[in-house]
Every structure is written in C-alpha cells, then in structure tokens.
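Computed from heavy atoms alone, side chains included, the values below leave out hydrogens, waters and symmetry copies. A, B, ... follow the sequence lines: proteins, then strands. Residue 1 opens every chain. The structure displayed is predicted, hence computed values, not measured ones.
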Amino acid sequence: MFGDYSIGDLGAIFAMQGFAGLILFSVYVLMALGLAIIFGQMGVINMAHGEFMILGAYVTWMTSNAFQAYLPSLFPGYFFVAMILAFIAAGALGMLVEWGLIRHLYKRPLDTLLATWGLSLILQQAYRSIFGAREVGVELPQWMLGSKQITDTIEVPINGIFVMCLTFLITAAVAYVMYKSRWGRQVRAVVQNRVMAGAVGINTEKVDRYTFGLGCGIAGIAGSAFTMIGSTGPTSGQLYIVDTFLVVVFGGAASLFGTIASAFSISQAQSTMEFFMSGSMAKVLTLLAIVAILMMRPQGLFALKVRK
Amino acid sequence: MADDKDQGLHSPFRRKLLMGMAAIPAMTMLPRTSFAQAPATSVVNTTGLAVTDTEVTVGILHSVTGTMAISETGSVQAEKLAIEQINAAGGVLGRKIKYIQEDGASDWPNFAEKAKKLLVNDKCAAVMGCWTSASRKAVLPVFEQYNGMLYYPTFYEGLEQSKNVIYTGQEATQQIIAGLDWVNKTKNAKSFYLLGSDYIWPRTSNKIARKHIENHLKGCKVVGEEYFPLGHTQFNSVINKIKLTKPDVIYAIIVGGSNVAFYKQLKAAGIDLSKQTLLTISVTEDEIDGIGGENIAGAFACMKYFQSLDNPNNKEFVAAFKKMWGEKTVIGDVTQAAYLGPWLWKLTVEKAGSFDIDKVAAASPGVEFKGAPEGYVRVHENHHLWSKTRVGKAKLDGQYELVYETADLVEPDPFPKGYQ
C-alpha cells in the first residue's frame, strides 16, 4: 500500500490529503451548519435543506450573469454580492416556509420530515420550470481559479482556501449569535422549555421564524460557495442531503460543536482512506465506522445535557 | 381467373373490390399528395398496430422528471424535431406520425410499466426512448414479450442484441478502441489513469479500455483505475494521485453532475489540460454547458458526433434544432443519435413496405440514412449502426473542434472477442 511511494512522496501525500481533508471539512461544516440549527435547535427534520442550498447556487448564477451583462468592470467582486443575496433569498424563503408550513407541525418531527420532503420535490420542480432541466455553469472571477504552489509537490487550490475562510467566518458568526447575543439566549431558552420561555415574555413564534430563516440562509450561502466546486441543477441538492444529515446526527443533534467535530473526523477519515483505496470503498468504511460509533453512542459524539 | 368467377359471391377478387370501394370515402379525405402513394392500411398493418389511413402512432419514452431529466431532455427534443420534419415531408407510407409521450421519471420499474402501456394499450408502431442501461434492461423483456420496436439512442457498454431494439448510439468498442489508438499514436501516450462513475457502463467500458491498453498497444500500461459513487463531488484525493503518478493520459468516464465538480477541481488544482492530455467518452456539449468551457478547454472527447461537424446535413440539423428549441440550446452526441431514431424507422418501414414489427426488424439490416447529421450511417445485422469514430477538442465556448475521424465507418461489435 505504501510501497509504491518514496518517503518524500508520502510526506507530500499526507500534506496534500490533509489539506484536501480540510477543504472537505469546510464543505461539510457549511452544509451542516444550517441544518444543525434547524434540526438541533428546533427539532425540525428539514429534508428540503439541499434545495435551499441550490436556491443559493441559482442566485449566484443569476448574479454572475447580471454582473457580466451590466457591470463587467465589477465582475471580480461579484461573488461577495452573490453570497449576501443568496443568504437573503434562502432566508426569506425559509421564513415564508416556516410561516406557511412548519409552524403547524412543531412537536411532530416525523410530520416535518414528510412535509419538507414534499417541499423539496415542489422546489425541484419549480427550479426545473424556471431555470430548465439542464445544469447551469457559474463562471468564476479569474482570481478564484488556479492554485498556489507551496513546495514542488504541494499545491493548494485557491477556491479551497476561500471556502475554508468563509466557513471559519460563518461558524464564528453563528457561534457568537447563538452563545453570546441576547437573541441566541432566547433561542436556547425556547428550545429547552417553550412554555416557560413564553411565560417570561419571549415571543416564541418570532424566535422560531428567525431561527428557521437563519438556518436556511446559511444553506443559501453554502450553495453559493458550492458553485465553485460542484454542479448546479434542479436535483443537485439531493447529492448533499445524506452527507449533511450524517454529519449532524453523528455530531449530536443539538450541539454546534458536535457538528464541527463530526465534520472534521468524517472528512479526515474519508480523505486519507480515499488515497489508499477507491472512492467508493472509503465511503463504505466511513459509513460503517459511523454506524458502529452511533450504536455505542446513540446521541452522537456530543449530546446536550438536558433534564428529561 | 376462371376459378374466381366460379366461386361467385366468395371470390377473393370480389372481396378485394368491395374493400377497395369501402376505402373510397376515407381516401377522399386524404391530402392530394399522399393519395397516390399511400397503400391501404390492411396491407401495411396486418398485426393490429395503431395505424389508420392517415395516422401512425409512435411512443416517446424518456425521463422528463427525476435525475435523468437533465440528460434526456435533449433526446426528447431531437425526436420531436425528427417527427415534425418527417410529417412535413409527407409522413411514413403516406401517414402522419402522431406521438404519445410517457415519462419514465428516472425510475426503472416505471419505464417497464410505461413501455407496456405504449405497446399494449396504445399499440405504438415504434418507441423512441430510454437513456441509462438500467432503463433499457428494464424495458427489454417488455419489448420482446409484446413484440415492440425500440430505437435506443445512448452510447452504451454493448453485450446486448435484440431483434426488438435498434441501437442508434455507439457500443463500447466503436468509441473506446479508436480513441485509445488515436491518443497512443498522436500523443505518444504510454500510461493511462482510468476514472469512472461506479456503475455498469463505466466499469465495462474501462474493462475494454484496460484490455486494449495492455494487450494491443505496445508498451502501454494502466497506472490507476478508480470509481466514484454517482453524484460524487469531492475529487481532491484522486487529483492528488494523478499528480503523483503523472499519467500521459487521464481517461475519464464520469457521468452527470459529478463532471462539473471533477473538471472545476482539476482546474483549481492547477492541472492544465493544454499540457495534460485528458480523454473522455462521457462529456458532450450538454455537460459542458454545466461544467463551463473555461474549465474543460483542451480536453479531448471521443464520440461519433459533435455539434460543430462541418457538413451540410449537420448545418441544416443544427439550424432546425435551434429554430425549434431556442438559440441557446446545445446538441450533444446522444441528442443526434436520438434524432436518427424516427428517420431510420421511417426508412425501414418504407423499405419493408409495412409497419409490422417483424417485417421492420427483418428489413433493418442494410438500411442507410444519408441525411444523418453525423454524415452517413448504416444499420448492421446486429441492429447497431456502422458509424465513424471522431475525436474532438473542447474549446472555451463549450464546443468541440474536430481533430480526428476514422476514414471509414467502424463496424459495430457488441460482443467483442478477447475484451470480456
């Protein structure tokens, strides 16, 4: 297994695979963060999470086209505008969905699963009707392409670094909002005891709506970022949903820190194994390990301590 | 004749005469042009297909929903275009083609059910359809049991032949062997890295490719072979491996949306396709639409048709396609193969002088279509097409530039000896 490579090669392999693992980690965190907020904090199983991501991707595509047509001189910076628009669009749709659908289903998690699954089908068909069945290509500004040479054998892709920075910023922002801000305290209060939270004057309905909106908005940003590495089509969202749930459940649903830890362990395991065996095999082994660990720890890696 | 008269009322001559008279009211309703050439329905349809004096019904069976809709949309468009053109030119044996479209919904059992509906309820004289091998395998027993005729447009892994199917795309050897020979000769390629999605078509194709590289090309070897689940979007690891093994050729058979991720990450990882040779048999102009020309420019594709082919047939076809479906549409290899279906069927029916499935199947070998956008094709006895193999180089604008084509039509060989 290692025999074919020299020591120098192996060093480079581990460095490059480690970095590939870090990019994968960032991707997983971006995918799972929005879901972790909605699933962990609100107990809603959102099967339409992937479709909110794709909405972000489509918004990015439209912004890119708009900049090319009307503001070609500002094209290199369009991506930042696109991400903000993606957040707003996905967040707004999320709040609308919460108001029209989800709020009638609180305390019935299995029903939210069905309802949001239906929603995901509706959204897919809507994308197909609006944008067409074919995949669309999002053009990136020149500075985001290519890679940075670090040593002779080690090169890191620039968009990978970009995704990593973005993930760090968003995670930090979410952590701040959830654990330091007044609103975050309200969210956690509502999660722990809805009736009591209402009794002390928290507007639980409003908290729910904004929480759901925030989760969907982050999905929108994730989708926007994924246009750099993945495809954008009506059904592309389906590609992400399984991995996303895996990360969230494995990490322990209610814990943001658990989400990050689980994303890290899954991505590093996957990336290292992928190098020495086939892609499918690495995935199988990762899944088996996750199942085994979940059997021993059904709450996931980091369970929230709640009095039952 | 003397015997006929003796039989009086029951003479066949009298019966024919009466039947002819009965057809007169119907025939007066026919347009003038077809009046002269349209033979009576009782002659051209002896097995109860949906053929009337003015109309013949065919089926279109593709996925317009589900994950395959992205690919199959082009096929549906091409088939509808061909049907419209055939109708404008007077139809088939003087009958206009009417189509019934069913949605396979990317679900194989559903394909089988809809195929049965098209054959049993609608009595379609032919069906154009399917894309994935899985859907074809699902409908095959239905077509054989109820004796239908399927025109299947996708390039595929071979190892199949049926009286009830005409394969208008390439089978594996037509695409792979000529392409590998070309890259070996012109690029002096010795080492190959094989990549693919993890299901039957890429695995079988790569098996043939590996056999050809190891047994038929001198001094060549495979330095890696790898498969990824459908929809996989993380290729960093394999790209690292490619960087370390430095193969002369990356041979990529990844399908669908995964391609977008693969080519974007390849470019981001600093692999320059103008220096690193990459040969694919699964990326058509359709996929480039999603990948983006700038990410794949310089790659080579081996198939039988490119939108940019410079011949009068193709120019006409591209113009007609864009007129019907919009200026922005692109046409890939399978779209063209789907376009061949209705035309080949029309030519075969007219050669057979009948719509009957058995007669059409028997008449198929030798049918040639001179108006094919790809130039010229001919049906082989094994129900596949003789066609040219071509290599194109991807350009920034998402089109392929033709760099090589075989001098002659390549004989289809769905069961290649020594490659299984």
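Smallest separation of non-hydrogen atoms from E294(B) and E139(A): OE2-CG, 3.5 Å. The two residues P157(A) and A269(B) come nearest to each other via the heavy atoms CB-N, 4.4 Å. Looking at every heavy atom in both residues, Q17(A) comes nearest to N236(B) through OE1-O, 4.4 Å.
With respect to chain A, the highest number of heavy-atom pairs below 4.5 Å among S258(B), G398(B), A268(B) belongs to A268(B). The candidate with the highest count of non-hydrogen atom pairs below 4.5 Å against chain B, out of L140(A), T235(A), L121(A), is T235(A). In terms of heavy-atom pairs under 4.5 angstrom with chain A, the leader among G74(B), G224(B), G290(B) is G290(B). The most heavy-atom pairs under 4.5 Å with chain B, out of T272(A), I229(A), L24(A), come from I229(A).
In this structure, no portion of S236(A) lies under 4.5 Å from any heavy atom of chain B. Only the side chain of Q265(B) comes within less than 4.5 Å of a heavy atom in chain A; its backbone stays farther off. Within the 4.5 angstrom heavy-atom criterion, atoms from both the backbone and the side chain of N240(B) approach chain A. In this structure, no portion of M144(A) lies under 4.5 Å from any heavy atom of chain B. For Q124(A), no part lies near chain B; criterion is any non-hydrogen pair under 4.5 Å. Contact of Y240(A) with chain B is made through the side chain alone, with heavy-atom distances under 4.5 Å.
In this structure, K393(B) places its NZ atom where only 12 or fewer heavy-atom neighbours from other residues, nucleotides or ligands lie under 6.0 Å away. Around NZ of K207(B), the count of heavy atoms belonging to other residues, nucleotides or ligands within 6.0 Å does not exceed 12. A 6.0 Å sphere centred on CZ of F264(A) holds no more than 12 heavy atoms belonging to other residues, nucleotides or ligands. The number of heavy-atom neighbours closer than 6.0 Å to OH of Y78(A), taken from other residues, nucleotides and ligands shown, is above 12. For CH2 of W325(B), the number of neighbouring non-hydrogen atoms (other residues, nucleotides, ligands) closer than 6.0 Å is greater than 12.
A donor-acceptor pair is defined here as one N or O able to donate and one able to accept, closer than 3.5 Å; such a pair exists between the side chain of K264(B) and the backbone of T227(A).
To the nearest 0.5 Å, atoms OG1 (T73(B)) and CZ (R128(A)) are separated by 8.0 Å. Note that CD of Q270(A) and CD of Q234(B) are 8.5 Å apart. Values are rounded to the nearest 0.5 Å.
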